[in-house]
Amino acid sequence: MACGIDEYKRFKMIDEYFASGKKATVKELAEYFYKKKYESNFDLACGLSEKILYKVLSAMKKELFVPLQKDSENRYYYSSQRTLTKPGYLSRSETAKTIRHIGKLLETIKDTPIYDEASKLCQEITDEAPLINSFGKKIQDDEEEISAANRVVFLGAPASIVKDEIWADIYKAMENNLHIGIKYIASGKSTVTRHGVRPYQLIFDDGIWDLWGYDCLKKQNHLYNLSRIQSVEIKKDSFKLPDDFDFHKVTPGTFGCYRDTQSNDMTFYKIRLAKKSYAENFARERVWGKNFKVQEDKSGTIISFENNQYLPILRWVLGWGADAEPLEPPELVSDWKAQIQKMAGKL
């Protein structure tokens, strides 16, 4: 039986009940926790019904080896003083440090639908795992603000607004591989269009959530910005997830969540970066696409790679100003020059 943080909390509650010397039938145990839930207003999503408790008690005895016995009146009790111990990963200080770092990373998606549950999970784990410094000293609450674990910072991007119901319906459809119908307003448009979609993936990139899926009318894969989806209708008919559904398999993704071709063909790019410029140092230390290569000449560095994200690459080159010059493909060179002329016309 899997033991996530909710399951562990439930095991711990049951263990504490029997460790105190009490006896109870499954019905009495369920009634006790039902009453306790409303008296203490504790939050436990994994359930405490009689049906669930039967399975949990069985798992505790067979898999966790607690000293659980049953008397002639079908009341469960502990036959010895041995109780459950905290899972090993919760006993390690490194767990607390790592989870605190993950919690800081989650702050970069604070205004997105996935944040609340993930943040709650991190908090529950850190509540169970002690934070110990390098000298073996437990860090108290009043020291947390200056502990090393709280001095790691992740910077994020402004998050787009996504309706909770849009996220929930798409996620539900993905879990069951069900078709969806969406009402959508494309970028730069004002009219609503309808699309039948096979939802493949939800992708978070630079503050924006996108749905990657197959448009049944256009008969091609497509990206939909979740903030532009007006409504979602989950259909009854299901689909089989194709082997090549993964966005990473059809585009390198180096320049964000964007794809400019519907085929898997890559375009060859060659870009010159000015000698001793920040652009040169920045670009040559990273891999920008398939078959990435670096060459040096008198004027600087030439990088070449294959990719299918044309518009982000054009913007990337323009963003370096005079320190970047596209050499291939011809379309990129032409569009780059046209944009420079437009900018010059504003002087």
Side-chain angles (χ1 to χ4, degrees), residues 94 97-110 112 114 118 148-160 201-210 212 223 225 244 246-261 263-340 343:
E94 287 305 314
K97 293 175 184 176
T98 300
I99 295 301
R100 278 170 167 78
H101 292 159
I102 293 173
K104 293 291 184 180
L105 179 59
L106 283 173
E107 292 296 316
T108 64
I109 59 168
K110 188 170 184 178
T112 73
I114 202 172
N150 285 292
R151 287 155 63 188
V152 176
V153 179
F154 299 90
L155 300 179
S160 59
Q201 290 177 310
L202 286 168
I203 304 171
F204 185 71
D205 174 51
D206 198 27
I208 295 174
W209 280 103
D210 285 295
W212 171 246
L223 281 163
N225 186 318
D244 63 347
D246 193 342
F247 182 77
H248 286 107
K249 291 184 178 180
V250 295
T251 182
T254 304
F255 292 90
C257 186
Y258 184 89
R259 184 177 180 228
D260 57 69
T261 63
S263 70
N264 292 339
D265 296 337
M266 298 288 161
T267 299
F268 179 75
Y269 291 90
K270 184 181 285 188
I271 301 165
R272 178 185 286 117
L273 303 161
K275 196 174 187 66
K276 295 184 179 180
S277 67
Y278 177 69
E280 180 188 42
N281 293 331
F282 181 88
R284 66 181 296 154
E285 294 172 352
R286 293 161 173 80
V287 177
W288 297 97
K290 290 186 175 181
N291 300 315
F292 178 72
K293 293 181 181 179
V294 177
Q295 294 176 301
E296 292 185 10
D297 65 9
K298 293 181 180 180
S299 59
T301 295
I302 297 175
I303 60 170
S304 61
F305 55 89
E306 295 177 20
N307 200 290
N308 61 357
Q309 297 176 292
Y310 179 78
L311 281 178
I313 294 174
L314 171 61
R315 295 173 188 139
W316 183 78
V317 174
L318 287 166
W320 289 118
D323 289 337
E325 176 189 0
L327 305 177
E328 292 187 45
E331 180 186 7
L332 180 65
V333 176
S334 177
D335 286 344
W336 174 73
K337 289 180 178 179
Q339 289 296 323
I340 291 176
M343 287 188 283

Distance (rounded to the nearest 0.5 Å) between [X] [atom1] and [Y] [atom2]:
| X | Y | atom1 | atom2 | result |
| --- | --- | --- | --- | --- |
| Asn225 | Ile203 | CG | CD1 | 11.5 Å |
| Asp246 | Trp212 | CG | CH2 | 10.0 Å |
| Leu332 | Ile271 | CG | CD1 | 6.5 Å |
| Glu325 | Lys270 | CD | NZ | 12.0 Å |
| Ile303 | Glu280 | CD1 | CD | 10.5 Å |
| Asp205 | Leu223 | CG | CG | 9.5 Å |

Kindly state each residue pair satisfying salt bridge (charged side-chain N to carboxylate O under 4.0 Å, His left out) with at least one member in residues 289-310, sequence neighbours excluded.
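Checked against salt bridge (charged side-chain N to carboxylate O under 4.0 Å, His left out) - neighbours excluded - the pairs reaching residues 289-310 are Arg272-Asp297, Arg284-Glu296.
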Apply the test side chain to side chain contact (heavy atoms under 4.5 Å, CB included) to residues Gln339 and Asp335: give CA-CA distance (whole Å), side-chain angles for both, the deciding distance (0.1 Å), then the verdict.
CA-CA 6 Å; Gln339 289 296 323; Asp335 286 344; 5.5 Å; no
Check whether any side-chain heavy atom of Pro329 sits under 4.5 Å from a side-chain heavy atom of Tyr269, and report yes or no.
yes
Do the non-hydrogen side-chain atoms of Asn291 and Phe305 ever get within less than 4.5 Å of each other?
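Not in contact.
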Under the criterion side chain to side chain contact (heavy atoms under 4.5 Å, CB included), I'd like the reasoning laid out for Thr267 against Asn307: C-alpha separation, chi angles, the key distance, then a yes or no.
CA-CA 5 Å; Thr267 299; Asn307 200 290; over 6 Å; no
Only counting residues at least two apart or in another chain, list the ones meeting ring pair (Phe, Tyr, Trp, His ring centres under 6.0 Å) with Tyr310.
none
Please enumerate all residues that pass ring pair (Phe, Tyr, Trp, His ring centres under 6.0 Å) together with Tyr278, with sequence neighbours excluded.
Phe282, Trp320
Please name the pair of heavy atoms, one in [X] and one in [Y], separated by the smallest distance, quoted to 0.1 Å.
| X | Y | answer |
| --- | --- | --- |
| Trp336 | Pro326 | CD2-CD, 3.3 Å |
| Ile302 | Leu327 | CD1-CD1, 4.1 Å |
| Ser304 | Phe268 | CB-CZ, 3.7 Å |

Partners of Asp323 by side chain to side chain donor-acceptor pair (under 3.5 Å), sequence neighbours excluded?
none
Between Ser277 and Ala274, is there a donor-acceptor pair closer than 3.5 Å when you use the side chain of the first and the backbone of the second?
yes
Any chance CD of Gln295 has more than 12 other-residue heavy atoms, nucleotides or ligands included, within less than 6.0 Å?
no
Show me the donor-acceptor pairs, under 3.5 Å and distance only, between side chains in residues 247-256 and residues at least two apart or in other chains.
unit_1: Lys249; atom_1: NZ; unit_2: Asp243; atom_2: O; d: 3.3
unit_1: Thr251; atom_1: OG1; unit_2: Asn308; atom_2: OD1; d: 2.7
unit_1: Thr254; atom_1: OG1; unit_2: Trp288; atom_2: O; d: 3.4

Give the intermediate values and the outcome of side chain to side chain contact (heavy atoms under 4.5 Å, CB included) for residues Ile208 and Cys257.
CA-CA 9 Å; Ile208 295 174; Cys257 186; over 6 Å; no
Restricting to side chain to side chain contact (heavy atoms under 4.5 Å, CB included), what partner residues turn up for Leu202, sequence neighbours left out?
Trp167, Ile170, Tyr171, Met174, Trp209, Leu211, Leu226
